[in-house]
Amino acid sequence: MSTVMNLVVLSLAFATSQATVRGDARTGLASFVATCDNTSVSEYTDASGTTQTCDDGMICGCTNLFSSDNLWHCSDTDSVCITPQDEPLFPDSYDGAFVSVDVGIINTFGGGVNIWNTSGFFVHDTANKKERYDASSHLRSLSSGAYYQRRTDTSVTVDGTTYKVDTDGKCTTSDAAAHQFPGSATAGSVGRWAVDSYGFTSYADRYMGYEDDTKAVQVWGWTSYGGVGAYKLAEHRAYVDVATGVLLREHQVEQAMSYPTTVEVVLGAPEDVYTSFETIEGQSPMSGVTFFKVPDECA
């Protein structure tokens, strides 16, 4: 795993406890009861190979993707047919507000572990299609060749272009991502909170139900397997508050079949006390801050 990742680890104990709750990350899906038809949202093939159709406007809701056939499969504990759910787009409360972002990464490898802690914030403007993300990261690589690293990164999206400045002051540019505006809790991976080149697995997040019986939090995501009985390859989860539409946290596992990398992202509620964002912007002559300005390193 790249040592310049831009996600941040909350703590080794926290990430380890999360992995324990979720069970053995390498467990394979032993069997499946249905496979979604990629050509029709309402049709699926049952275990006998017969094509079935979901009734009453429901759709096939399988969330396990097999790399062997690139199709969505349901396990015997999944609901095959589900009620369609609207994509959880960012609510209006995100516009012109600060959202705190804390990322924890545990990357295990033979003889050691990399522990990343990243903390930052992002601000989002749907109407004008602008966004900014600032992050400060710390890496502790614990092994026979132990070392410590820290870095800062900034990403600004304006006028259809995203400008990223790394800790060495290097600027890279790219077209703004399609999912950025109006913004969605379901981006398919934790990659948007990373600022390095590490390639997170990404698929379209699918509705997975509620987190618990209170029905206060929706869960979206996917799980990737090599095939029937094959090891789990990766998984992603996004947790959305039903009442407010706010993205609460994300979870992802990579390389689950060997030395796994576990990522936990915790996001704060949008904050705009006394229109703080506009106030800081208005003080730019004194503070030198213009949030959506193209970074000097990229000008």
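Looking at Asp212, its side chain does come within 3.5 Å of a backbone N or O of Thr214 through a donor-acceptor pair. Under a 3.5 Å cut-off, the side chain of Asp205 and the backbone N or O of Gly188 do form a donor-acceptor pair. Formation of a donor-acceptor pair under 3.5 Å by the Thr45 side chain with backbone atoms of Thr51 is not found in this model. Formation of a donor-acceptor pair under 3.5 Å by the Asp125 side chain with backbone atoms of Lys129 is not found in this model. The closest donor-acceptor contact from the side chain of Thr108 to the backbone of Pro260 lies under 3.5 Å. For the pair Asp69 (side chain) and Leu71 (backbone), a donor-acceptor distance under 3.5 Å is present. Asp37 places a side-chain N or O within donor-acceptor distance of the main-chain N or O of Thr39, the cut-off being under 3.5 Å.
Within the 4.5 Å cutoff, the side chain of His251 has heavy atoms near those of the Glu235 side chain. Contact of the Thr261 side chain with the Ile105 side chain is registered, since non-hydrogen atoms from C-beta on lie closer than 4.5 Å. Put simply, the side chain of Thr201 does not reach to within 4.5 Å of the side chain of Ser189, judged on heavy atoms. Gln180 places a side-chain heavy atom less than 4.5 Å from the side chain of Thr162. In this structure, the side chains of Glu264 and Val266 stay at 4.5 Å or more apart for every pair of heavy atoms. For the pair Phe90/Val99, no side-chain contact is recorded, criterion being any heavy-atom separation below 4.5 Å from C-beta on. Between Lys164 and Asp153 the shortest side-chain heavy-atom distance does not fall below 4.5 Å. Side-chain atoms of Val242 and Lys215, non-hydrogen and from C-beta on, never get closer than 4.5 Å to each other.
The line from CG of Leu65 to OG of Ser224 is 5.5 Å long, rounded to the nearest 0.5 Å. In this structure, CG on Asp166 lies 5.5 Å from CZ on Arg151, to the nearest 0.5 angstrom. The line from OG of Ser137 to CZ of Arg150 is 12.5 Å long, rounded to the nearest 0.5 Å. Expressed to the nearest 0.5 Å, how far CG of Asn38 lies from CG of Asn70 amounts to 7.0 Å. Rounding to the nearest 0.5 Å places CE of Met208 at 10.0 Å from CD1 of Ile82. Atoms NE2 and CD, on His236 and Glu250 in that order, are 4.0 Å from each other to the nearest 0.5 Å.
Across all their heavy atoms, Ala176 and Thr157 have their closest contact at CB-CG2, 3.8 Å. Between Tyr163 and Thr173 the shortest heavy-atom distance is CD2-CG2, 3.4 Å. When all heavy atoms of Ala185 and Leu247 are compared, the pair lying nearest together is CB-CD1, 3.9 Å. Between Val101 and Val265 the shortest heavy-atom distance is CG1-CG1, 4.1 Å. The two residues Pro270 and Ser93 have their closest heavy-atom pair at CB-O, 3.3 Å. Closest approach of Thr290 and Glu281 over heavy atoms only: CA-OE1, 3.1 Å.
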For this session: Just do the side-chain contact (heavy atoms from CB on, under 4.5 Å) check on Asp78 and Trp72 with the steps written out, would you?
Result: CA-CA 12 Å; Asp78 294 332; Trp72 295 99; over 6 Å; no
For this session: Walk me through it: do Thr244 and Asp241 pass the test side-chain hydrogen bond (donor to acceptor under 3.5 Å, both in side chains)?
Result: CA-CA 6 Å; Thr244 64; Asp241 184 80; 2.8 Å; yes
For this session: Dump the intermediate steps for side-chain contact (heavy atoms from CB on, under 4.5 Å) on Arg132 and Thr154, then the final yes or no.
Result: CA-CA 7 Å; Arg132 177 173 179 139; Thr154 295; 4.0 Å; yes
For this session: Could you please spell out the steps behind the side-chain contact (heavy atoms from CB on, under 4.5 Å) verdict for Trp220 and Gln85?
Result: CA-CA 10 Å; Trp220 293 71; Gln85 301 291 318; 3.8 Å; yes
Exercise. Passes side-chain contact (heavy atoms from CB on, under 4.5 Å), Cys81 versus Tyr44? Steps please.
Worked result: CA-CA 9 Å; Cys81 293; Tyr44 65 93; 3.7 Å; yes
For this session: Begin from the C-alpha positions of Glu254 and Gln252 and carry the test side-chain hydrogen bond (donor to acceptor under 3.5 Å, both in side chains) through to its verdict.
Result: CA-CA 7 Å; Glu254 291 285 340; Gln252 188 149 350; 2.8 Å; yes
Problem set entry | Derivation of the side-chain hydrogen bond (donor to acceptor under 3.5 Å, both in side chains) call for Asp159 and Thr161 | CA-CA 6 Å; Asp159 295 331; Thr161 300; over 6 Å; no
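When hydrophobic clusters are built by joining Ile, Leu, Val, Met, Phe, Trp and Tyr residues whose side-chain heavy atoms come closer than 4.5 Å, directly or via intermediates, Ile106 is not grouped with Phe109. Neither Val41 nor Tyr203 shares a network with the other; the hydrophobic side chains, linked directly or stepwise wherever heavy atoms of I, L, V, M, F, W or Y lie under 4.5 Å apart, form separate groups for each. Both Tyr207 and Ile59 are members of a single hydrophobic cluster when ILVMFWY side chains are connected at heavy-atom separations under 4.5 Å. Tracing side-chain contacts under 4.5 Å through hydrophobic residues (I, L, V, M, F, W, Y), one reaches Leu139 starting from Val190; they form part of the same cluster. No single ILVMFWY cluster, assembled from side-chain heavy atoms under 4.5 Å apart, contains both Tyr239 and Trp222.
Remark: Cys60 SG to Cys36 SG, distance under 2.5 Å.
Aromatic rings of Tyr133 and Trp193 (six-membered ring for Trp) have centroids within the 6.0 Å cut-off, being under it. In this structure, Phe277 has its ring center closer than 6.0 angstrom to the ring center of Phe292.
His124 and Phe122 have perpendicular rings, their planes meeting at more than 60° on a 0 to 90° scale where under 30° would count as parallel.
Between Glu131 and Arg192 there is no salt bridge, since none of the side-chain N atoms of the basic residue sits less than 4.0 Å from a carboxylate O of the acidic one.
Within a 6.0 Å sphere centred on CG of Asp92, other residues, nucleotides and ligands contribute 12 heavy atoms or fewer. Summarising the local packing, OH of Tyr210 is surrounded by more than 12 heavy atoms from other residues, nucleotides or ligands at distances under 6.0 Å.
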